[in-house]
Student: 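Input: one structure, supplied below.
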Amino acid sequence: MLRVSQLFIYPIKSFGGIALSTARLTDRGLQHDRRWMLIDENNRFLSQREHAQMALFKIELETDSLKVIYTTDGSQINIPFIPLKQDLLDVTIWDDTCTGQLVSDVVDAWFTVKLGIPARLVYMPDETHRATDPRYTTQGTIASFADAYPALLIGQASLDDLNKRLAEPLPMNRFRPNIVFEGGEPYSEDLMDHIAINGIDMYGVKLCARCIMTTIDQQTAVKNKEPLKTLARYRRKGNKILFGQNLAFNSTGVLNIGDEINVLSLHTEERFLIGDTTATSAI
């Protein structure tokens, strides 16, 4: 029996996540997930990869806004769900360019001071449809300001297996999943092709390639070599280190902790098969 054990959203790209007991699935991911993003002077996204201190911003959901807390000094600011500005501009996430909406001059000034670099906050309007990679998803699949896909799935057993190999265990927040499930064998998510949760059909489209962000302590912003050093020994495929499965879907609905995950079909393509994974016998 596989069940949803944790749900997370990350409203501002590269900031801390929020744990939920119930989450609404929208056309581009969980509601509020990565709908906001900081950009630099060239309208390119800012990330913990280059600015580890972004891990030190924590977020709380208010009735009509986000409360952002900078844990270094305890200062905070509220960001309204509806932007105060109407300015639209093209913003860049990796190789994608899409339309973002500026939020507030006051908010921009606050982030610029806290980060020590020029920063502006943008929101993704409903009218912005950022297409996912057509090599792996069907036409019409869209994403928020997430790196590439609408959601990320990881099994708790996979993290437990990794932690057995580490000198010091790591929390799930290093991997920034949206959906965590309990049950099954380590890495059983690798082979999940078509799954259903609470009547919602979801599809595993691509294993998630992990980067240096996984080495950043989300409480202190200190970088280390783990978990990439250990993962490279048994989760490497080509030049990528893989952990977790990216999901796409073509319907909306509600997800809850405790929901059963029904696996309707499994992947057989070689790109989903990794070294010593036990996923084949997991379902």
Side-chain angles (χ1 to χ4, degrees), residues 1-10 14-20 30 33 47-49 52 54-55 146-149 151-193 195 197 202 204-247 255 257 261 263 266-267 269-283:
M1 181 75 72
L2 309 179
R3 292 193 180 277
V4 175
S5 57
Q6 297 179 85
L7 293 166
F8 297 99
I9 58 171
Y10 310 85
S14 239
F15 280 20
I18 300 174
L20 301 174
L30 299 186
D33 187 52
S47 166
Q48 284 187 41
R49 296 169 182 86
M54 291 175 72
D147 276 354
Y149 298 97
L152 177 64
L153 174 73
I154 296 179
Q156 182 62 48
S158 302
L159 179 63
D160 293 345
D161 180 76
L162 168 61
N163 279 335
K164 291 177 183 177
R165 305 167 189 254
L166 297 173
E168 295 183 12
L170 298 177
M172 187 64 81
N173 65 14
R174 290 293 187 96
F175 300 96
R176 303 174 72 80
N178 295 110
I179 304 170
V180 180
F181 67 91
E182 59 187 7
E185 298 294 326
Y187 318 107
S188 57
E189 62 269 26
D190 288 358
L191 296 184
M192 291 182 185
D193 175 20
I195 64 175
I197 307 176
M202 299 183 176
V205 294
K206 194 171 185 291
L207 300 185
C208 186
R210 310 315 307 221
C211 70
I212 195 172
M213 270 188 68
T214 61
T215 70
I216 300 171
D217 187 311
Q218 295 299 293
Q219 301 302 315
T220 65
V222 174
K223 293 182 181 179
N224 206 314
K225 293 182 179 180
E226 295 293 5
L228 292 183
K229 181 180 178 181
T230 295
L231 284 172
R233 297 175 187 152
Y234 74 108
R235 294 291 298 176
R236 181 184 291 276
K237 195 171 186 68
N239 62 353
K240 295 181 179 179
I241 297 171
L242 304 168
F243 194 86
Q245 171 88 272
N246 289 300
L247 298 178
L255 303 178
I257 289 180
I261 300 178
V263 181
L266 298 176
H267 288 297
E269 293 177 65
E270 195 277 336
R271 67 187 178 95
F272 293 98
L273 307 177
I274 303 177
D276 70 350
T277 181
T278 58
T280 304
S281 61
I283 302 168

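Predicted model, so just to flag it, every value in this text is computed and none were measured.
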Student: Got Leu191 and Leu273 here, is their nearest side-chain heavy-atom distance under 4.5 Å?
Tutor: yes

Student: Could you report the tightest heavy-atom contact between Pro177 and Ile154, atom names first, then the distance?
Tutor: CB-CD1, 3.9 Å

Student: Residues in side chain to side chain donor-acceptor pair (under 3.5 Å) with Asp193, at least two apart?
Tutor: Ser265

Student: Measure from the side-chain N and O atoms of Asn246 to the backbone N and O of Leu152, and report whether any donor-acceptor pair falls under 3.5 Å.
Tutor: no

Student: Is there a donor-acceptor pair under 3.5 Å between the side chain of Tyr187 and the backbone N or O of Ala157?
Tutor: no

Student: Can you list everything that forms a side chain to side chain donor-acceptor pair (under 3.5 Å) with Thr230? Sequence neighbours excluded, please.
Tutor: Glu226

Student: Given side chain to side chain contact (heavy atoms under 4.5 Å, CB included), test Phe175 with Cys208 step by step and report yes or no.
Tutor: CA-CA 10 Å; Phe175 300 96; Cys208 186; over 6 Å; no

Student: Walk me through it: do Leu207 and Ile274 pass the test side chain to side chain contact (heavy atoms under 4.5 Å, CB included)?
Tutor: CA-CA 10 Å; Leu207 300 185; Ile274 303 177; 3.5 Å; yes

Student: Taking Arg174 for its side chain and Thr214 for its backbone only, find out whether a donor-acceptor pair lies under 3.5 Å.
Tutor: yes

Student: So which atom in Leu159 and which in Pro171 form the shortest heavy-atom distance, rounded to 0.1 Å?
Tutor: CD2-C, 4.0 Å

Student: Would you call Asp160 and Lys164 a salt bridge, using N to O less than 4.0 angstrom?
Tutor: no

Student: Would the distance check show the side chain of Arg210 and the main-chain N or O of Leu228 forming a donor-acceptor pair, the cut-off being under 3.5 Å?
Tutor: no

Student: Mind checking side chain to side chain donor-acceptor pair (under 3.5 Å) for Gln48 and listing every partner two or more places apart, or none if nothing turns up?
Tutor: Gln218

Student: So, the side chain of Glu189 versus the backbone of Gly155: is there a donor-acceptor pair under 3.5 Å, distance only?
Tutor: yes

Student: Please lay out, stage by stage, how Phe181 and Ile195 fare under the test side chain to side chain contact (heavy atoms under 4.5 Å, CB included).
Tutor: CA-CA 12 Å; Phe181 67 91; Ile195 64 175; over 6 Å; no

Student: Nearest 0.5 Å, please: how far is CD in Gln156 from CE in Met172?
Tutor: 4.5 Å

Student: Once rounded to the nearest 0.5 Å, what's the spacing between atom CG of Leu30 and atom CG of Asn178?
Tutor: 5.0 Å

Student: Can you see which heavy atom on Ala55 is nearest to which on Ile216, and at what distance?
Tutor: CB-CG2, 4.4 Å

Student: Nearest 0.5 Å, what's the CD1-CD1 distance between Ile179 and Ile197?
Tutor: 4.5 Å

Student: Supply the atom-to-atom distance Met213 CE to Arg49 CZ, rounded to the nearest 0.5 angstrom.
Tutor: 5.5 Å

Student: Does any part of the side chain of Asp147, heavy atoms only, come nearer than 4.5 Å to the side chain of Arg176, both counted from C-beta?
Tutor: no

Student: With a 4.5 Å limit on heavy-atom distance, are the side chains of Val4 and Leu255 in contact?
Tutor: no

Student: From Glu168 CD over to Leu170 CG, what is the distance, rounded to the nearest 0.5 angstrom?
Tutor: 8.0 Å

Student: Using the side chain to side chain donor-acceptor pair (under 3.5 Å) criterion, which residues pair with Lys240? Sequence neighbours excluded.
Tutor: none

Student: Run the salt bridge (charged side-chain N to carboxylate O under 4.0 Å, His left out) check on Asp190 and Arg235 step by step: do they pass?
Tutor: CA-CA 11 Å; Asp190 288 358; Arg235 294 291 298 176; 2.9 Å; yes

Student: Indicate the atoms forming the closest heavy-atom contact of Gly184 with Leu2, along with that distance.
Tutor: N-CD2, 3.4 Å

Student: Can you sort out the partners of Tyr149 under ring-ring contact (aromatic ring centres under 6.0 Å, His included), two or more places apart, ordered by chain and number?
Tutor: none

Student: Kindly give the heavy-atom pair with the smallest separation between Asn163 and Pro169, and that separation in Å.
Tutor: OD1-CA, 3.3 Å

Student: Please identify each residue that fulfils ring-ring contact (aromatic ring centres under 6.0 Å, His included) with Phe8, with sequence neighbours left out.
Tutor: none

Student: Is there a donor-acceptor contact under 3.5 Å from the side chain of Asn224 to the main chain of Thr215?
Tutor: no

Student: Parallel, tilted or perpendicular for Phe272 and His267, by the 30°/60° rule?
Tutor: parallel

Student: I need the Gln245 CD to Ser158 OG distance, nearest 0.5 Å.
Tutor: 11.0 Å

